2 protein chains.
Amino acid sequence: MVSIKDVAKDAGVSPQTVSNCINNPAIVKPATRKLVETSIARLNYTPNASARRLRTQRSNTIGIGIAPVSYSQVYDRFLHALVTEADANGIRVILYKTDSQQDEIRQFDALRSRGDVDSFVLTDTTHDDPRLAWLHEHHQPFVLFGRPWGARIMNDPATPWVDVDGHYGIAEMTQHLILHGRKHIGFIGWPGISGTGMDRYQGWRSSMLDARMANADELDQLYEEAKNDILSGQTACIELLDRRPDIDAIVCVSDTLAIGAATVLPNDTDIIITGFDDTVSARSMGLSSIAQPLIESARHIVRITQEQLAGSAPASAGGGPHRPGAAPHASTDDQHVLLKPTLVIR
Amino acid sequence: MVSIKDVAKDAGVSPQTVSNCINNPAIVKPATRKLVETSIARLNYTPNASARRLRTQRSNTIGIGIAPVSYSQVYDRFLHALVTEADANGIRVILYKTDSQQDEIRQFDALRSRGDVDSFVLTDTTHDDPRLAWLHEHHQPFVLFGRPWGARIMNDPATPWVDVDGHYGIAEMTQHLILHGRKHIGFIGWPGISGTGMDRYQGWRSSMLDARMANADELDQLYEEAKNDILSGQTACIELLDRRPDIDAIVCVSDTLAIGAATVLPNDTDIIITGFDDTVSARSMGLSSIAQPLIESARHIVRITQEQLAGSAPASAGGGPHRPGAAPHASTDDQHVLLKPTLVIR
DNA sequence: CTGTTAGCGCATTCAG
DNA sequence: CTGAATGCGCTAACAG
């Protein structure tokens, strides 16, 4: 292992000068800096991360959990995006397991007290999430991927989040179908009151009502719920077509359900099925879908993390006064970013 | 942040004694140990990982890559298993991006020279994999998940790997179908010469030949290739049934293809479709599948990593003399572990 | 068995 | 602008 001393010796300067070249190049004379940089390159020197972390008391590392069974089809793509953005900013990503929310809190505590991690990224926030309580209590920086649904903290600057606007995406898709002549557009959503599911459902519902494609009663007939697997998608689609044979398009809350629906359509139909997440499977089936801007999401998450590490709480730095009246999916400030997904029409 | 000194002061002993209690409890008198442990608990002390790493010159961390698009449907489950096993052994997992093999080598170099990582886990090894050459050249410990197909290094003790026996899994499934009266069993495999794909294909082929269910010519008729997406699975299934209407079962090399196949079967058929990986989708469709022992795989990977860190190269320690004649999927020694998947019959 | 000493590699004081 | 000292928190050698 080549250390800072070796470089110093090689370049004929003191270790400190080498350190300056790396961490504060401006204050070192260009000539000697050039010299040092040459030595660094020749010896292939890289600063030891542990030593630096020990000295600076900062790990430059973010932690992210992985559940036993994936939250969604895009989680690994999100991980890749996050790691890519982190890497571009000199930040490492440490992976930990999350078998439950309580387990995740244990991981927080372990990683945090060992100084392994500066900040966490969490997903799948629930109502009254105990993880958020713990993080706040211990003044532990974090960023959410996905809004903290149902909590009043949605606008709290101490609870930063980055999310993708499912309402917007589904609404755009529904409007696209309307504008292309579809009259009876069904929707297959998730059961229960998950914030994400409700948000997407509302995107369809409001677009249908706005365009006066249906009244409230008809909307109920055009709506079906399904667990997020292929079989449930098939069942829901059959049910829907059975109830309303005039349906000419079905918007699905996920690609998985869309694939289920698409595989039970009659052969000669021209009913359009659309999904959400633009997965490989949907692509192969030629289904239109809605693509989440994962890279941009990751970029914002890393940015917010960087800001947390740089200063203390920047709070609502650049956004001016807060507007509590604005609709959640319309507001965006530094700590709360809602990104628009894009339609992928096939 | 509470440090070892705080504990020492609190317990009325020297910092060294505290350290001993943690790293070598045997050499400290039970009475004082008890005392120290109480202080540790009261102060909620956790050793600083960076300081320890700096001192011991060991990171106790393994690195694993994530590709832009997932290798397989089970990669996130594998990640969870790996992190879980690592965690149980006091090992951290760092995630890095792998946009290409060359990119991954850059990551190796960065993580390694910074002292962030002791060992790597790599997947999807290819013929003459440049990553392996680099790792060997730099004496960098690693473990493969998946055999290094096509390389003579398959039995090299310096190239440890853990894999799941696809040949065995597909053979078991084929034999199960034969024993339940299926006479004309088709196979949908991947195109190209991927080791994994060939291995699974051979599992079907050899079982069919052994049971004299078909001769070589017929086997060709019962075989179809498809890219690993649903549409290709549909197409292949239709093609197969068109060519051989007497088919009564189709073994597929993946769940994705199985789902494609299953969704184009006639309604009144009793043709059985089977998949590989036991994904949620296959489960929901009621398809039989083959489950990889991911947790056990992860356990072996962590074990081998531990051994690498403990001593220098243990080589072929416990396995006795090597048997070069044994079939690859039958041999197992400390550094090369081939695990059996299990059938999930539905 | 326990306490003292030293140093892992680095970055932040301070002098020059 | 550069160099010498100091310590981040911990553990491996020793000395007691």
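Lettering follows sequence order; numbering is per chain, from 1. Model, not experiment: these values are computed from the prediction.
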What is the distance from [atom1] of [X] to [atom2] of [N], rounded to the nearest Å?
X: A:Asp116; N: D:dG9; atom1: CG; atom2: P; answer: 15 Å
X: A:Arg58; N: C:dT12; atom1: CZ; atom2: P; answer: 10 Å
X: A:Asn60; N: D:dC8; atom1: CG; atom2: P; answer: 20 Å
X: B:Arg53; N: D:dC8; atom1: CZ; atom2: P; answer: 19 Å
X: A:Leu54; N: D:dC8; atom1: CG; atom2: C1'; answer: 4 Å
X: A:Lys5; N: C:dA11; atom1: NZ; atom2: P; answer: 14 Å

Quick test: give all pairs of protein nitrogen or oxygen and nucleotides 14-16 of chain C nitrogen or oxygen below 3.5 Å, distance rounded to 0.1 Å.
none

**Request:** Return each pair, listed once, that meets side-chain hydrogen bond (donor to acceptor under 3.5 Å, both in side chains) where at least one residue sits in residues 295-304 of chain A; pairs must be two or more places apart or across chains.
**Result:** A:Glu85-A:Arg299, A:His300-A:Arg303, A:Arg303-A:Glu307

**Fill in**
The complete set of side-chain hydrogen bond (donor to acceptor under 3.5 Å, both in side chains) pairs with one or both residues in residues 31-43 of chain A, sequence neighbours excluded, reads A:Asp10-A:Ser39, A:Asp10-A:Arg42

**Message:** I'd like to know if A:Arg53 and B:Asp116 make a salt bridge, using a cut-off of under 4.0 Å between side-chain N and carboxylate O.
**Reply:** yes

**Asked** Under 3.5 Å, side chain of A:Asp118 to main-chain N/O of A:Asn60, donor-acceptor pair present?
**Response** yes

Using the ring pair (Phe, Tyr, Trp, His ring centres under 6.0 Å) criterion, which residues pair with [X]? Sequence neighbours excluded.
X: B:Phe108; answer: B:Phe120, B:Trp134
X: B:Tyr45; answer: none
X: B:Phe142; answer: B:His136

**Asked** From the list C:dA11, C:dC8, D:dC10, which nucleotide is the closest neighbour of the side chain of B:Asn48?
**Response** D:dC10

**Message:** From C-beta outward on B:Ala51, which listed nucleotide comes closest to its side chain: C:dC8, D:dG7, D:dG9?
**Reply:** D:dG9

**Asked** Would one find a side-chain N or O of A:Arg52 under 4.0 angstrom from OP1 or OP2 of C:dG9?
**Response** no

**Request:** Taking only the side-chain nitrogens and oxygens of A:Gln57, find out if one of them lies under 4.0 Å from OP1 or OP2 of D:dG9.
**Result:** yes

**Asked** In residues 9-35 of chain B, which residues come under 4.0 Å of DNA chain C by heavy atom?
**Response** B:Val13, B:Ser14, B:Gln16, B:Thr17, B:Ile27, B:Val28, B:Lys29, B:Thr32

**Prompt:** What residues form a side chain to side chain contact (heavy atoms under 4.5 Å, CB included) with B:Ala110, not counting sequence neighbours?
**Reply:** B:Arg114

**Fill in**
The complete set of ring-ring contact (aromatic ring centres under 6.0 Å, His included) pairs with one or both residues in residues 4-39 of chain A, sequence neighbours excluded, reads none

**Request:** Report the residues that fulfil side-chain hydrogen bond (donor to acceptor under 3.5 Å, both in side chains) with A:Thr305, sequence neighbours left out, ordered by chain and then residue number.
**Result:** none

Using distance only, find each side-chain donor-acceptor pair of residues 13-20 of chain B under 3.5 Å and give its atom names and separation, not counting sequence neighbours.
unit_1	atom_1	unit_2	atom_2	d
B:Ser14	OG	B:Gln16	N	3.3
B:Ser14	OG	B:Thr17	N	3.4
B:Ser14	OG	B:Thr17	OG1	3.3
B:Gln16	NE2	B:Asn20	OD1	2.9
B:Ser19	OG	B:Asn23	ND2	3.3

**Fill in**
If one requires at least 3 consecutive Watson-Crick or G-U pairs with distances under 3.5 Å, the stems of DNA chain C turn out to be C:3-16 with D:1-14

